[in-house]
Protein chains: 2
Amino acid sequence: MPLLLLKDLPRYECLLEAAREFPDLDPSAAEAFLHLLRASDEAYGINARNMAAHGISAGRFSVLMLLWRGDQVRSKAPAGTMQCDCGPRTPASLADACGVTRATMTGLIDTLERDGFVKREPDPADRRMMSVHLTPKAEAFLRDYMPGHFKIISSIMSALTEPERKTLVRLLVKVQQQAATLAGTPQAVPN
Amino acid sequence: MPLLLLKDLPRYECLLEAAREFPDLDPSAAEAFLHLLRASDEAYGINARNMAAHGISAGRFSVLMLLWRGDQVRSKAPAGTMQCDCGPRTPASLADACGVTRATMTGLIDTLERDGFVKREPDPADRRMMSVHLTPKAEAFLRDYMPGHFKIISSIMSALTEPERKTLVRLLVKVQQQAATLAGTPQAVPN
DNA sequence: AGCTTATAGTTAGGTAGCTAACTAGTATTG
DNA sequence: CAATACTAGTTAGCTACCTAACTATAAGCT
């Protein structure tokens, strides 16, 4: 939960007033921006508290999901068709998929390994590399955890009807793409 | 920038497929949720990088804004009408307004004071209390920083038309209120 | 008054991010 | 084939958040 946010957002009239002093302030843009961050923060917080109650964090959850997805793809693939890459396994590729640095991933894997969720194994081919694997404990945890996780997300989004969700996604994609462009990292079009 | 997010969001078909395994997974809810966090994260990131380039963080910015707003209210108030509270001044009230703990606020004020943006002064009436004040350096900084800040926000939100912004805000308010209800802290209706 | 309770601020110790720098191993190349 | 450059992972040190515990002060209650 990254609180850059004031607990009470400024009211729209205050934005209008402030815009008199700062011509660069676009009240409707600022309003939308603040509400975006506020809503996201609130939704994120619900989830983060649930994760914390189960002893994991967002970063740890991401790693577990990536490894799990890879395992599932692997177990479903027909025998003999395994030369595809089945999701990230090394710290560097996990870091890349999670959007964190390798250093951060080292820390995440450290605590995940300490808590018995993953195991590091050296790569026989390249002695610089490690391979990270889920333990049975982690698989059991995920199988137990995910239903509640999905219930929470559904419950947050129950505020919106199906068409409202589509509209929201459409608007959010626009904002995200514009932001990605500004960040100088034009992402592939999502969905 | 709180990266709980995978860099590539799962495509909608993957959500549909996963929903077969997990009946609690509502694909459109998950899609909206992920896009909300992703868009917010991207927008937040633009801003955070700009702040970092100016040597401040989101938390520090919040504190500066709160103190500044208080100062402005104070300087505009007609003489003799100053018994109102003019915004938070003590670490505890700043912490409350920012939505962080007092301990966190101590840390923020520590570094702000170290960098010459604020000064702590003991309260003469209650010797437990401190009063935090902006320095002229901070005021100069804010006057210089804010126009660029507003420009960035406008530029992110330039992806949306005026009516789209209103729609986005309306949907986000619904989500935020629902989340706040789930968090057990039903907030006052914003705006 | 004197004990208890509450409050303001800080401190200590934890997690999760970051950057920068280091080690060890692999690749490239003159 | 030796010097160089790159890569994988880790380490160290930073910020910002958290909770829990501590100190000092103030307030409330017999």
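Proteins get letters first, then strands, A, B, ... in listed order; numbering begins at 1 in each.
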Q) Could you give the CZ-to-P distance, from A:Phe61 to C:dG17, as a whole number of Å? A) 14 Å
(Q) Quick check on contacts: within residues 104-122 of chain A, what sits under 4.0 Å from DNA chain D by heavy-atom distance? (A) A:Thr106, A:Arg120
Q | Candidate nucleotides D:dC17, D:dG9, C:dA8, ranked by approach to the side chain of B:Val100 - the nearest | A | D:dC17
Side chains of residues 98-105 of chain A: which donor-acceptor partners sit under 3.5 Å, not counting sequence neighbours?
from: A:Thr101; atom 1: OG1; to: A:Thr104; atom 2: N; distance (Å): 3.1
from: A:Thr101; atom 1: OG1; to: A:Thr104; atom 2: OG1; distance (Å): 3.0

**Q.** Check ion pair A:Arg128-A:Asp123 (N to O, under 4.0 angstrom)
**A.** no
Q. Got a sec, which residues hit side-chain contact (heavy atoms from CB on, under 4.5 Å) with A:Thr167, two or more places apart in sequence or on another chain?
A. A:Arg170, A:Leu171, B:Thr167, B:Leu171
(Q) What is the separation between atom CG on A:Asp123 and atom P on D:dT7, rounded to the nearest whole Å? (A) 17 Å
**Q.** Interatomic distance, A:Met51 CE vs C:dA16 C1' [rounded to whole Å]
**A.** 14 Å
Taking N or O atoms only and anything under 3.5 Å, show me the protein contacts with nucleotides 20-25 of chain D, one pair per line.
from: D:dT25; atom 1: O2; to: B:Arg128; atom 2: NH1; distance (Å): 3.3

**Q.** Partners meeting side-chain hydrogen bond (donor to acceptor under 3.5 Å, both in side chains) with A:Glu162 (sequence neighbours left out)
**A.** B:Ser28
(Q) Among residues at least two apart in sequence or on other chains, which ones pass side-chain contact (heavy atoms from CB on, under 4.5 Å) with B:Met146? (A) A:Phe22, B:Phe61, B:Met65, B:Trp68, B:Leu142, B:His149, B:Phe150
Q: Applying side-chain contact (heavy atoms from CB on, under 4.5 Å), name anything that partners B:Ala52, two or more places apart in sequence or on another chain.
A: none
Q: Tell me yes or no: between the side chains of B:His133 and B:Ser131, is some donor less than 3.5 Å from an acceptor?
A: yes
Q. To the nearest Å, how far apart are A:Asp41 CG and D:dC18 P?
A. 11 Å
Q. Can you tell me how far P of C:dT7 sits from CE of B:Met129, to the nearest Å?
A. 12 Å
(Q) Suppose we screen for salt bridge (Lys or Arg N to Asp or Glu O under 4.0 Å). Which residues come up paired with A:Lys166, at least two apart in sequence or across chains? (A) B:Glu31
Q: Round to the nearest Å and state the distance from B:Arg89 atom CZ to C:dG9 atom P.
A: 13 Å
Q: Could you tell me, to 10°, how much the axis swings from one end of the helix from C:dA1-D:dT30 to C:dG30-D:dC1 to the other, five pairs per end?
A: 10°
Q: Rounded to the nearest angstrom, tell me the gap between atom OH in A:Tyr44 and atom C1' in D:dC18.
A: 13 Å
(Q) Once side-chain contact (heavy atoms from CB on, under 4.5 Å) is applied, do any residues pair with A:Asn50, and if so which ones, sequence neighbours excluded? (A) A:His54, A:Tyr145, A:Ile152
(Q) Quick check on DNA chain C: between B:Pro91 and A:Thr101, whose nearest nucleotide comes earlier from the 5' end? (A) B:Pro91
Q. Separation of A:Met130 atom CE from C:dT26 atom P, in whole Å?
A. 14 Å
Q) Which residues pass the side-chain hydrogen bond (donor to acceptor under 3.5 Å, both in side chains) test with B:Arg120, sequence neighbours left out? A) B:Asp110, B:Glu113
(Q) Tell me every residue that passes salt bridge (Lys or Arg N to Asp or Glu O under 4.0 Å) with B:Glu139, counting only those two or more places apart in sequence or in another chain. (A) none
Q | Short side-chain N/O contact to C:dT15 OP1/OP2 from A:Ser57, under 4.0 Å | A | no
